[in-house]
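Structure, as structure tokens:
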Amino acid sequence: MQASIEIPYWLAAVGGFAALIALLDRVLAPSIRWYLRRRLNRAVEDLNKSLQLGIQPFKLMRRQVLVNRLAHDPKVMEAAEAHIAETDMPRDLVYRQVEQYAREIAPSFSAHMYFGVGARLSRWISRTLYRVRLGRFEREALAEADPNATIIFVMNHRSNVDYLLVTYLASESSALSYAVGEWARVWPLSRLIRSMGAYFVRRRSRDALYRAVLRRYVQLSTEGGVTQAIFPEGGLSRDGALAPPKLGLLNYVVDEFEPEGERDVLFIPVGLNYDRVLEDRLLLAAADTREPEPGEPKRRFNVSLWTAARFTLGYLFGRMTGRTHRFGYACVSFGAPLSLKAFSADCGEEDPTEALGRALSRRIGEVIPVLPVSLVARELLAADGAVAEDELRRRSAALAERLAAAGAHLHLPRDDLDYGIEVGVRMLRLRRIIAPTEGGLAIAPGERELVAYYANAIAHLKAA
């Protein structure tokens with residue numbers, strides 16, 4: 001018995017559209033993905049020819065593959081089993097937690113986003129805010145480095161602009177993988193940062209299981225030759241000085257390193273300094289541990305999106321109308337690389353991670369450049385009161401000569417010491433940090449901490 005079935009036109013259209021989508025997904029989509037992947041691989045091959053430090057295959061691994069590899073790594077699974085035995089949690093729940101941690105940490109690198117968007121955006125923002133300069137650069141030492149070694153840039157942390165500045169200056173040589181904190185885990189910023197190869201770190205987490213996953217990711221990326229960038233201080237300097245190193249990420253690298261293995265690890269010290277740090281007052285407020293006065297709000301490092309947006313729009317409008325200028329100079333210096341193989345052979349019975357942390361901190365400090373504002377600020381503090389402007393210039397010039405004789409790198413605008421000191425004095429006066437008095441120039445009331453903040457940037461440098 002035969003009978004016809006009637007269906008509405010709209011239902012037939014929906015069914016036909018669904019069938020078409022299924023056909024495209026099963027037949028055409030694999031071919032399109034293969035074609036795009038082939039084009040991407042060729043683009044990366046061409047890009048690697050122009051980069052001094054090529055993009056390693058580990059960095060190009062698809063994110064889901066990386067998540068699976070990390071979640072099922074034997075050492076991570078051992079840590080999961082130990083966690084189960086210690087807490088008596090259900091095995092399925094623990095392994096889901098491990099996969100969640102792996103998904104949170106793993107980046108999703110895109111060469112197009114890094115070089116086509118990120119590097120260009122970093123260059124534009126850096127040059128809009130500052131007069132960017134390259135300081136000391138150990139070109140010969142870097143040229144002689146082992147080309148098969150894993151390169152890790154270690155740097156001091158003055159500002160969130162550090163990420164942009166180093167990305168811009170290093171983009172012609174390599175693609176850096178940063179460890180970024182919780183501040184960047186905000187959509188859509190998180191997707192952009194992840195696509196640039198950065199991995200997220202819960203800096204204050206004491207969860208042993210999370211630390212095991214993070215440790216293994218750092219070790220796998222190091223073994224895979226991924227070029228990385230680490231801030232040994234762990235966070236922004238709140239007083240402007242170079243802080244003692246925190247050894248977490250360094251310990252992960254050293255812990256599984258085999259001195260007899262094929263791949264060496266080279267640490268390249270990077271020193272950054274600014275004539276003006278955008279977050280300077282916020283950082284000083286966060287560093288203030290005194291009890292607030294009655295009625296005074298508790299000081300802490302906190303800035304709203306509205307405050308940041310208002311500052312950004314006001315600055316851009318000022319630049320377009322000519323009322324606002326750049327925030328002085330920003331300078332980055334690159335030191336000679338430190339081989340982990342050679343260091344491991346020489347450290348003897350001393351704890352290798354602690355010894356490495358001290359050595360890297362010392363090398364970072366040696367390459368931090370001296371800029372006009374830091375130079376003048378240091379002499380203002382030493383004067384301990386009002387000082388005649390001519391005397392301040394003379395004392396700053398004498399300090400600059402002593403620092404240069406001791407091996408420090410000075411960035412002097414126009415290669416003119418007198419003009420550089422003039423720039424430093426002008427910057428401080430424009431911000432009303434110093435003011436003219438009967439006795440000459442003096443630190444404005446309530447601004448001594450800020451002057452100390454900029455003087456601390458070079459306080460570790462010993463003058464001859």
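- Taking all atoms of both residues into account, the shortest heavy-atom contact from Leu66 to Ala106 is CD2-CB, 3.9 Å.
- Between Asp416 atom CG and Ile421 atom CD1 the span is 9.0 Å, to the nearest 0.5 Å.
- Nearest heavy atoms, Glu233 versus Asn156: OE1-CA, 3.2 Å.
- The neighbour count for Arg127 CZ, taken as heavy atoms of other residues, nucleotides or ligands under 6.0 Å away, does not exceed 12.
- Using a 4.5 Å heavy-atom cutoff, the side chains of Pro232 and Ile364 are in contact.
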Report task. Begin from the C-alpha positions of Glu104 and Tyr210 and carry the test side chain to side chain contact (heavy atoms under 4.5 Å, CB included) through to its verdict. Result -> CA-CA 10 Å; Glu104 175 185 310; Tyr210 169 79; 3.9 Å; yes

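- Atoms CG and OG1, from Leu176 and Thr227 in turn, are 7.0 Å apart once rounded to the nearest 0.5 Å.
- Applying the 6.0 Å contact sphere to NE2 of His460 captures more than 12 heavy atoms from other residues, nucleotides or ligands.
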Query raised in the report: When you look at Arg276 and Leu129, which way does the side chain to side chain contact (heavy atoms under 4.5 Å, CB included) test go after all the steps?
Result: CA-CA 10 Å; Arg276 178 178 177 180; Leu129 295 174; over 6 Å; no

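- For the pair Leu403 and Arg378, the minimum side-chain heavy-atom distance is below 4.5 Å.
- To the nearest 0.5 Å, the span separating NE2 on His83 from CD on Gln97 amounts to 7.5 Å.
- More than 12 non-hydrogen atoms from other residues, nucleotides or ligands lie less than 6.0 angstrom from NZ of Lys341.
- The side-chain heavy atoms of Val180 and Phe231, taken from C-beta on, include no pair separated by under 4.5 Å.
- The minimum heavy-atom distance between Gly197 and Ser177, with the atom names listed, is O-OG, 2.7 Å.
- Contact of the Leu209 side chain with the Tyr101 side chain is registered, since non-hydrogen atoms from C-beta on lie closer than 4.5 Å.
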Report task. Would you please test Arg63 and Arg194 for side chain to side chain contact (heavy atoms under 4.5 Å, CB included) and show each step? Result -> CA-CA 10 Å; Arg63 183 164 182 265; Arg194 199 186 297 277; 3.4 Å; yes

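- Remark: side-chain polar atoms of Arg136 are not paired, donor with acceptor, to backbone N or O of Pro369 under 3.5 angstrom.
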Requested in this report: Please lay out, stage by stage, how Tyr252 and Arg216 fare under the test side chain to side chain contact (heavy atoms under 4.5 Å, CB included).
Outcome: CA-CA 8 Å; Tyr252 298 163; Arg216 197 61 191 133; over 6 Å; no

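- In this structure, the side chain of Ser122 does not engage the main chain of Tyr168 through any donor-acceptor pair within 3.5 Å.
- Relative to the ring axis of Tyr274, Arg158 does not place its NZ or CZ within 45° and under 6.0 Å from the centre.
- Between Gln219 and Asp255 there is a side-chain heavy-atom pair separated by less than 4.5 Å.
- Remark: the backbone N or O of Asp239 is paired with a side-chain donor or acceptor of Asn456 at under 3.5 angstrom.
- Contact annotation: the side chain of Met61 approaches that of Arg69 to within less than 4.5 Å [non-hydrogen atoms, C-beta and beyond].
- A donor-acceptor pair under 3.5 Å is absent between the side-chain atoms of Ser159 and the main chain of Val277, judged by distance alone.
- Asp275 places a side-chain N or O within 3.5 Å of a backbone atom of Tyr329 that can act as its donor or acceptor partner.
- Within the model, atoms OG of Ser333 and CE of Met155 stand 12.5 Å from one another, a figure rounded to the nearest 0.5 Å.
- No donor-acceptor pair under 3.5 Å is formed between the side chain of Arg326 and the backbone N or O of Arg131.
- Using modelled atom types, no side-chain atom of Ser361 and backbone atom of Gly357 make a donor-acceptor pair closer than 3.5 Å.
- To the nearest 0.5 Å, atom CD of residue Glu449 and atom CD1 of residue Ile433 are 12.5 Å apart.
- A side chain to side chain contact (heavy atoms under 4.5 Å, CB included) with Leu356 is found for exactly one of Leu247, Val154, Leu338, namely Leu338.
- Between Asp280 atom CG and Leu450 atom CG the span is 5.0 Å, to the nearest 0.5 Å.
- Contact between Lys246 and Gly234 at its shortest, heavy atoms only, is CD-CA, 4.2 Å.
- Side-chain atoms of Val367 and His409, non-hydrogen and from C-beta on, never get closer than 4.5 Å to each other.
- Tyr178 pairs in a side chain to side chain contact (heavy atoms under 4.5 Å, CB included) with only one of the listed residues (Ile193, Thr167, Val201), which is Thr167.
- Nearest heavy atoms, Asn273 versus Ser374: ND2-OG, 3.4 Å.
- Taking the side chain as every heavy atom from C-beta outward, Leu340 and Ile152 never approach each other to under 4.5 Å.
- Ring-plane geometry between Phe109 and Tyr114 is classed as tilted, the angle between the planes lying from 30 to 60 degrees on a 0 to 90 degree scale.
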Report task. Check the pair Arg91, Glu81 against salt bridge (Lys or Arg N to Asp or Glu O under 4.0 Å), reporting the backbone distance first and the verdict last. Result -> CA-CA 8 Å; Arg91 180 171 276 97; Glu81 291 297 329; 2.8 Å; yes

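- Nearest heavy-atom pair across Ile268 and Gly335 is CG2-O, 3.7 Å.
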